[in-house]
Protein chains: 2
Amino acid sequence: MFTSSTPTTRRQREILQLLEHRQSTGEPPPSYREIGEHLGIPNVSAVAKHIAVLRRKGLLETTEGKTRSIQIQSPIQPLRRRIVHIPLFGSIPAGPPTEREQDAEGCVSVDVESVGIRPTSRTFALRITGDSMIGKHIIDGDVVVIEHGKEPRQGDVVAALIDGQSTLKTFLLQRGRPFLRAENPKYPDLIPGAELVIQGVMVALIRKRN
Amino acid sequence: MFTSSTPTTRRQREILQLLEHRQSTGEPPPSYREIGEHLGIPNVSAVAKHIAVLRRKGLLETTEGKTRSIQIQSPIQPLRRRIVHIPLFGSIPAGPPTEREQDAEGCVSVDVESVGIRPTSRTFALRITGDSMIGKHIIDGDVVVIEHGKEPRQGDVVAALIDGQSTLKTFLLQRGRPFLRAENPKYPDLIPGAELVIQGVMVALIRKRN
DNA sequence: GGATGAGGTGAACATAAGTTCACCTCTGAC
DNA sequence: GTCAGAGGTGAACTTATGTTCACCTCATCC
């Protein structure tokens, strides 16, 4: 969305909306001729005139002579950060997440500042079911972002593989031996019989109301 | 990040990394000549040969004859959704958020599926301080996404303007009269003396560990 | 009625950028 | 030693795309 404080004509808003939409869906910026085709203006110089006016109004920028270089301007544009695309699963079977991208049920796209991580192919997201972590304010339906390969530390929330299923628990050590704690008194601690398989450490959470 | 299952040469990985980086920062895709400049290959046909091989490996796609049409392919590419850029504030003074974009302290970029909203210029994000909403699993440091102009309903979490500050509370009605409830017994309910100013309804939350 | 701005037509031109082909060196495998 | 692949040079060509200019209609304002 663009600031509504600068007055614009109907055609200008149409152009800005097209650019906004193209950008938000990750497509390359359109050429002048593509803008014309979209809006029913079969004439590249009419489009060029509109672009020039929007540039003068400070609502977009172009690089002279460079193809597909139209960029919308907004006050928050300089505050934007890199965006990562994280595969979202209901559960994670064994194996590195990279080999499981094919089985993702969705994708979480978010900027690196908001999730506090650097992008790596070992990051995945997990949708939580149940209330076993409610003591740490993680509730049913939340999506948690997990960093695979990160060494868990005492107190970290981790995704662990138990009985072929991913589960979220707090990672604790007692006399050097790890165990998992549900953050809900309804559920007992889990002391692993076999070796504990930690799939990753929780780094962020995304919740939507519904 | 791209699937590591398809073997690639060093140069191919360099090209893919450049494309990945350009895409994640919201820049238009590079031309072949720009790729060459970046990697120190002053020769467009060498780049074109690499692109052709990557296309054959299914790792990227181009539209024949269309400028800047290189797009990375990945299994989660079809799962991606539109991304919105939401201004982030520490607090919101009075007035529609659009007029306040200049004062944003940051920007939350996230896909529409993850926050469950359609993009509008009335969406803003607020960083929470304090523990007044801990009963609803909203904790200090969380970032909440607020939809301005949405009519609050009984039980909604809202951003309200109190004493010139934004605060997050549960919106309740008693005999038709609204009041605000902190979700922490440490804090009393707020029955507004003057008219209650609701800045918006909470629609999503983003939390990062630190 | 004239001036101005919005919105457009048409055409031509310059440059950016994709495509193609012949040719080269180096390295590793057989 | 040969072959194939990786990685590249050089040049030329075609097409996409941005730029520019003259010109037009229509609506609104003074």
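Each chain gets a letter, A, B and so on, in the order its sequence line appears, and its residues count up from 1.
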Out of [options], which nucleotide sits closest to the side chain of [X]?
| X | options | value |
| --- | --- | --- |
| B:Arg33 | C:dA17, D:dA11, C:dA6 | C:dA17 |
| A:Thr9 | D:dT17, C:dG18, C:dG7 | C:dG7 |
| B:Thr67 | C:dA17, D:dG8, D:dA6 | C:dA17 |

Has the side chain of [X] got a donor or acceptor atom that lies under 3.5 Å from a matching backbone atom of [Y]?
| X | Y | answer |
| --- | --- | --- |
| B:Asp156 | B:Val158 | no |
| A:Gln154 | A:Leu173 | yes |
| B:Asp111 | A:Val108 | no |

- request: Give the ring-plane orientation class for A:Phe124 versus A:His148, where under 30° counts as parallel, over 60° as perpendicular and anything between as tilted.
  value: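 A:Phe124 vs A:His148 ring planes: tilted.
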message: Is any side-chain heavy atom of B:Leu39 closer than 4.5 Å to one of B:Ile15?
response: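 Yes; the side chains approach each other to less than 4.5 Å.
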- prompt: Taking C-beta and beyond as the side chain, do A:Glu37 and A:Ile35 meet within less than 4.5 Å on heavy atoms?
  reply: no
message: Base, sugar-phosphate or nothing for A:Ser45? Non-hydrogen atoms, less than 4.0 Å.
response: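 Base contact.
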task: Please work out if B:Arg11 contacts a base, only the sugar-phosphate, or nothing of the nucleic acid, heavy-atom cut-off 4.0 Å.
output: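 The residue B:Arg11 makes sugar-phosphate contact but no base contact.
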- request: Heavy atoms only: give me the nearest B:Val47-B:Tyr32 pair and the separation to one decimal.
  value: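 Heavy-atom minimum between the residues: CG1-O, 3.7 Å.
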message: Side chains of B:Thr62 and B:Arg55 only: does a donor on one sit below 3.5 Å from an acceptor on the other?
response: yes
- request: Answer yes or no: side-chain N or O of B:Asn43 and base N or O of D:dG8 forming a donor-acceptor pair under 3.5 Å.
  value: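 Donor-acceptor pair under 3.5 Å: no.
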field: Derivation of the salt bridge (Lys or Arg N to Asp or Glu O under 4.0 Å) call for A:Glu183 and A:Lys169
entry: CA-CA 7 Å; A:Glu183 299 290 349; A:Lys169 293 290 181 280; over 6 Å; no
Please state how far atom [atom1] in [X] lies from atom [atom2] in [N], giving the value in whole angstrom units.
| X | N | atom1 | atom2 | answer |
| --- | --- | --- | --- | --- |
| A:Ile35 | C:dG7 | CD1 | C1' | 15 Å |
| A:Lys66 | D:dG18 | NZ | C1' | 14 Å |
| B:Gln12 | D:dG5 | CD | P | 13 Å |
| B:Lys57 | D:dA6 | NZ | P | 7 Å |
| B:Glu34 | C:dA16 | CD | P | 11 Å |
| A:Arg68 | D:dG18 | CZ | P | 7 Å |

query: Can you list, by residue number, the residues of residues 47-55 of chain A that have a non-hydrogen atom closer than 4.0 angstrom to DNA chain D?
result: A:Ala48
- request: Mind listing the residues from residues 25-32 of chain B sitting with a heavy atom below 4.0 Å of DNA chain C? Number order is fine.
  value: B:Ser31, B:Tyr32
- line: Heavy-atom nearest nucleotide on DNA chain C taken for A:Ile41 and for B:Ile70; more 5' hit belongs to A:Ile41
